[in-house]
Amino acid sequence: ILNVEQSPQSLHVQEGDSTNFTCSFPSSNFYALHWYRWETAKSPEALFVMTLNGDEKKKGRISATLNTKEGYSYLYIKGSQPEDSATYLCAFDAGGTSYGKLTFGQGTILTVHP
Amino acid sequence: DVKVTQSSRYLVKRTGEKVFLECVQDMDHENMFWYRQDPGLGLRLIYFSYDVKMKEKGDIPEGYSVSREKKERFSLILESASTNQTSMYLCASSPPGQGETQYFGPGTRLLVL
C-alpha cells in the first residue's frame, strides 16, 4: 500500500488568513497528483490534477505546487473565507496499468472562523 | 452536468444482514470505484471496476463484494454486515486512461448495529 501523508490533520484559521498544507507521496512511479475539496454533505470535487515537476496551478484564491523529485505538493489558500471550510484531500496517481486508481491521503480538515 | 448518484444517504442495518449499496453514473465512464472513509484514515479503496463484469480488489476488500452488470451501475455488497463496517461509503467514476479526474457521489453513511 502506497504511503500518502497529509499535514496538518486539521487547521483552524480566521477569515482573511492565508494558509497552506502539505501532501507527501512516493517519488517513484509518479504520474499525477490530484487535489480534491470535500465540503460537508457534498461530494468531493476535483481542484487540480498536476503532472509536471515544478507545476503550479491556480483556481481563484487557491493554488498548488508540485515537487515530484522530493515527493510533495503544497496547497495554498489566500485570504481564507468561511466557505473554504472543507476537507482537502490529495491523491497519488501512479498511471500505467493502475486503471485510474488513486491512493488518497487522510485529508486536512480546514475550518475558517468568521 | 456530470452526475454520480448513490441509492441512500443514510442506512441503518443490523449485524449479519446482507447490505447492497448502489451507485449509478451518467457519464458513460469505464472506471468505477468504491471507497470507505473513516476519521483520520482518508479514503480507502475497497474495489474498483474498469469495465462491465470486470472487478479488481482494492486495499481493503475483506468482507465486501461487488457487481457490475451494466456500465453505469456498480454495486457494493456487504455479505454479512459487521459493526466494523460502520462507515461513510463513497462511489466514484472516471474515464479510462492516466491522470483522469474521479467524479464522486454524495456518499452513504452506513450504521451497523
Side-chain angles (χ1 to χ4, degrees), chain A residues 1-10 21-25 29-52 55 57 59 64 66 68 73 86-109, chain B residues 1-6 9-10 23-27 29-52 54-62 68 74 88-109:
Chain A
I1 296 179
L2 298 170
N3 194 29
V4 180
E5 297 282 339
Q6 290 186 247
S7 63
Q9 192 166 358
S10 65
F21 19 95
T22 306
C23 173
S24 62
F25 52 85
N29 298 320
F30 174 88
Y31 183 81
L33 194 282
H34 301 245
W35 280 101
Y36 286 82
R37 174 169 60 197
W38 189 7
E39 295 177 69
T40 303
K42 293 187 178 179
S43 308
E45 60 171 359
L47 287 171
F48 307 113
V49 181
M50 309 177 77
T51 55
L52 298 176
D55 213 1
K57 297 228 172 177
K59 189 175 185 176
L66 180 68
T68 59
S73 174
T87 298
Y88 291 84
L89 297 164
C90 69
F92 176 82
D93 185 343
T97 58
S98 63
Y99 296 111
K101 258 183 15 170
L102 300 178
T103 301
F104 283 84
Q106 68 271 51
T108 292
I109 303 169
Chain B
D1 197 17
V2 297
K3 204 156 187 183
V4 179
T5 56
Q6 294 183 229
R9 291 301 299 269
Y10 300 95
C23 175
V24 177
Q25 51 99 358
D26 66 0
M27 295 164 282
H29 286 165
E30 277 76 5
N31 297 338
M32 295 188 76
F33 308 85
W34 274 106
Y35 297 90
R36 63 178 281 177
Q37 193 265 342
D38 300 288
L41 294 177
L43 298 181
R44 292 183 292 164
L45 183 65
I46 305 171
Y47 267 96
F48 67 102
S49 169
Y50 53 89
D51 203 348
V52 175
M54 306 302 288
K55 58 186 179 184
E56 293 282 340
K57 292 179 180 179
D59 298 320
I60 51 164
E62 296 79 20
R68 191 157 180 211
F74 191 35
M88 167 71 90
Y89 290 89
L90 282 159
C91 174
S93 70
S94 74
Q98 303 175 97
E100 294 288 344
T101 292
Q102 290 187 11
Y103 296 88
F104 284 86
T108 296
R109 192 168 288 283

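Here is the naming used below: chain letters follow the sequence lines, and residue numbers restart at 1 for every chain. These values consider heavy atoms only, across backbone and side chains, with no hydrogens, waters or symmetry-generated copies.
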Asker: Does atom CG of D38(B) have more than 12 heavy-atom neighbours, drawn from other residues, nucleotides or ligands, at distances under 6.0 Å?
Answerer: yes
Asker: Work out which heavy atom in L102(A) is nearest to a heavy atom in Q102(B); give both atom names and the distance.
Answerer: CG-NE2, 3.4 Å
Asker: Give a yes or no on whether E39(A) atom CD has more than 12 heavy-atom contacts from other residues, nucleotides or ligands under 6.0 Å away.
Answerer: yes
Asker: Of all heavy-atom pairs between W38(A) and Q37(B), which one has the smallest distance, and what is that distance?
Answerer: CZ3-CG, 3.6 Å
Asker: Answer yes or no: is there a side-chain heavy-atom contact under 4.5 Å between F104(A) and L45(B)?
Answerer: no
Asker: May I ask you to decide if G100(A)'s main-chain N or O and Y50(B)'s side chain share a donor-acceptor pair within less than 3.5 Å?
Answerer: no
Asker: Could you tell me which portion of R9(B) (side chain, backbone, both or neither) has an atom closer than 4.5 angstrom to a non-hydrogen atom of chain A?
Answerer: side chain
Asker: Under 4.5 Å heavy-atom distance to chain A, tell me which part of Q6(B) shows up: side chain, backbone, both or neither.
Answerer: neither
Asker: Is M32(B) close to chain A through its backbone or its side chain, or both, or neither, when contacts mean heavy atoms under 4.5 Å?
Answerer: neither
Asker: So P44(A) and L90(B), do their side chains get closer than 4.5 Å, heavy atoms only?
Answerer: yes
Asker: Tell me, side chain or backbone of L41(B) under 4.5 Å from chain A's heavy atoms, or both, or neither?
Answerer: backbone
Asker: What residue in G99(B), G42(B), P106(B) has the most heavy-atom pairs under 4.5 Å with chain A?
Answerer: G99(B)
